[in-house]
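The block underneath contains the structure these notes are about, expressed in structure tokens.
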There are 2 protein chains.
Amino acid sequence: MGTPELTKNQSLVMGALTHAEGPMSAYTILDKLRDHGFRAPLQVYRALDKLLEYGLVHRLESLNAFVACSCPHDHEHDHGVTAFTICEGCGQVTEFHDEAIEQRLSALVRAQSFKTEKTTIEIRGHCKSCA
Amino acid sequence: MGTPELTKNQSLVMGALTHAEGPMSAYTILDKLRDHGFRAPLQVYRALDKLLEYGLVHRLESLNAFVACSCPHDHEHDHGVTAFTICEGCGQVTEFHDEAIEQRLSALVRAQSFKTEKTTIEIRGHCKSCA
DNA sequence: TGGCGCATGTAATGTTATTACATCAATTGC
DNA sequence: GCAATTGATGTAATAACATTACATGCGCCA
Ligand SMILES: [Zn+2]
Ligand SMILES: [Zn+2]
Ligand SMILES: [Zn+2]
Ligand SMILES: [Zn+2]
């Protein structure tokens with residue numbers, strides 16, 4: 001089953017994230033959407049929950065912020081482990097994927113008999129421009 | 001230069017984390033240390049900042065919690081990239097290190113001309129017992 | 001002695017996320 | 001048609017996590 005049609009609130013939140021330069025906190029999204037009738041955090045969090053579930057949005061744990069997925073979502077595409085570089089200077093976030101990392105992590109947790117549900121990889125530092 | 005002597009507050013926080021079964025939030029630590037004179041969050045956060053700096057404690061970003069480093073700190077020992085498995089069932093956290101992951105990530109960010117300052121790897125799921 | 005650095009104490013505030021409860025609309029089964 | 005169910009929404013209140021601002025105490029040393 002693919003991604004269902006987005007509801008009004010989900011579309012608004014998705015739009016805000018898509019048009020943003022970088023990641024946004026839930027409360028920043030709320031402020032951006034006040035003109036569209038948003039009044040309470042829960043409206044944002046509920047939409048984000050669904051967007052995360054559909055894989056359209058990622059949560060950056062080390063930032064408590066959210067970013068639109070940078071991959072095409074036209075066709076079904078379950079993009080395994082997602083990693084990010086996050087620049088402390090300009091805030092730029094780059095999403096990337098690597099099969100080798102994924103396999104290595106998979107082997108390591110299997111050795112622990114651990115069952116993975118979600119993997120977070122976030123690299124904080126400085127991008128080329130901000131070095 | 002090695003780790004300096006810990007101050008009174010740093011020792012108390014370190015002790016709380018060391019004796020705990022698993023990770024603790026800053027406010028949980030605060031509560032544990034009320035009997036020892038702790039009254040405000042800042043006392044905990046200031047101690048944690050130093051302990052993180054010395055590498056004695058790790059922050060779990062996806063949990064907003066802190067855990068004592070499981071490696072020996074007798075001799076100087078800069079333990080590169082740290083990864084964790086975190087069980088959603090029992091809360092058990094396992095710290096591990098892997099040279100292959102480290103090198104692969106290093107190569108990937110170098111290709112972006114990105115300069116890494118801190119790497120977060122956290123795997124949420126279920127441990128052997130909680131599967 | 002005075003200045004400095006650094007750990008500390010305390011209060012207030014800021015930021016992020018959830019719980020609880022009510023309403024509304026679409027769908028389903030009778 | 002009409003209850004029952006499901007899922008989206010609205011609103012308020014509260015909980016959980018973290019920082020800012022300002023004041024005090026203490027060791028060190030020029
Ligand atoms: Zn993505
Ligand atoms: Zn940058
Ligand atoms: Zn460690
Ligand atoms: Zn477990």
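Remember, predicted model here, so these are calculated numbers, not experimental data. Just so you know, these numbers use all the heavy atoms, side chains as well, and skip hydrogens, waters and symmetry mates. So that the names make sense, note that chain A is the first sequence line, chain B the second, and so on, each numbered from 1.
Taking five base pairs at each end of the helix from C/dT1-D/dA30 to C/dC30-D/dG1, the local helix axes there meet at an angle of 10°, rounded to 10°.
Going from atom CG of B/Asn9 over to atom P of C/dC6 covers 17 Å, rounded to whole Å. The interatomic distance linking A/Leu48 (CG) with C/dA17 (C1') rounds to 11 Å, in whole Å. Going from atom CG of A/Leu12 over to atom C1' of D/dG10 covers 15 Å, rounded to whole Å. Straight-line distance from the CG atom of B/Leu51 to the P atom of C/dA7: 12 Å, rounded to whole Å. Note: CG (A/Leu30) to C1' (C/dT16) measures 12 Å, nearest angstrom. The CG atom of A/Leu6 sits 10 Å away from the P atom of D/dT9 (whole-angstrom rounding). Atom C1' of nucleotide C/dT16 and atom CD of A/Glu61 are separated by 12 Å, given to the nearest angstrom. The distance between atom CZ of B/Arg39 and atom C1' of C/dA12, rounded to the nearest whole Å, is 16 Å.
In terms of heavy atoms, A/Ala26 sits closest to A/Val44 at O-CG1, 3.6 Å. Nearest approach of A/Lys32 to A/Met24, heavy atoms of both residues: CG-CE, 3.5 Å. Closest approach of B/Pro23 and B/Leu60 over heavy atoms only: CB-CD1, 3.8 Å. Contact record, A/Gly80 with A/Glu102: CA-OE2, 3.6 Å, taken as the closest heavy-atom pair.
At a threshold of 4.0 Å, the pair A/Arg46-A/Asp49 does not count as salt-bridged, since none of the basic side-chain nitrogens sits closer than that to a carboxylate oxygen.
The ring of A/Phe84 has its center closer than 6.0 angstrom to the ring center of A/His58.
Side-chain contact, A/His97 with A/Glu99: no donor N or O sits under 3.5 Å from an acceptor N or O. A side-chain donor-acceptor contact under 3.5 Å links A/His126 and B/Glu117.
The phosphate of D/dT9 (OP1 or OP2) has no side-chain N or O of A/Gln43 nearer than 4.0 angstrom. Residue B/Thr7 places at least one side-chain N or O under 4.0 Å from the OP1 or OP2 atom of C/dT8. The side chain of B/Gln10 places no N or O atom within less than 4.0 Å of a non-bridging phosphate oxygen (OP1 or OP2) of C/dA7.
Heavy atoms of other residues, nucleotides or ligands lying less than 6.0 angstrom from NZ of B/Lys115 number 12 at most.
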query: Would A/Glu61 and B/Thr120 satisfy side chain to side chain donor-acceptor pair (under 3.5 Å), going step by step from the backbone distance to the final call?
result: CA-CA 9 Å; A/Glu61 301 288 353; B/Thr120 298; over 6 Å; no

Heavy-atom contacts, protein to nucleotides 16-26 of chain D, under 4.0 Å, summarised as B (base), S (sugar-phosphate only) or - (none) per nt, yield -BBBBB-----

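Side chains of A/Thr85 and B/Thr116 form no contact here, defined as non-hydrogen atoms less than 4.5 Å apart.
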Would you tabulate the nitrogen or oxygen pairs shorter than 3.5 Å linking the protein to nucleotides 24-27 of chain C?
none

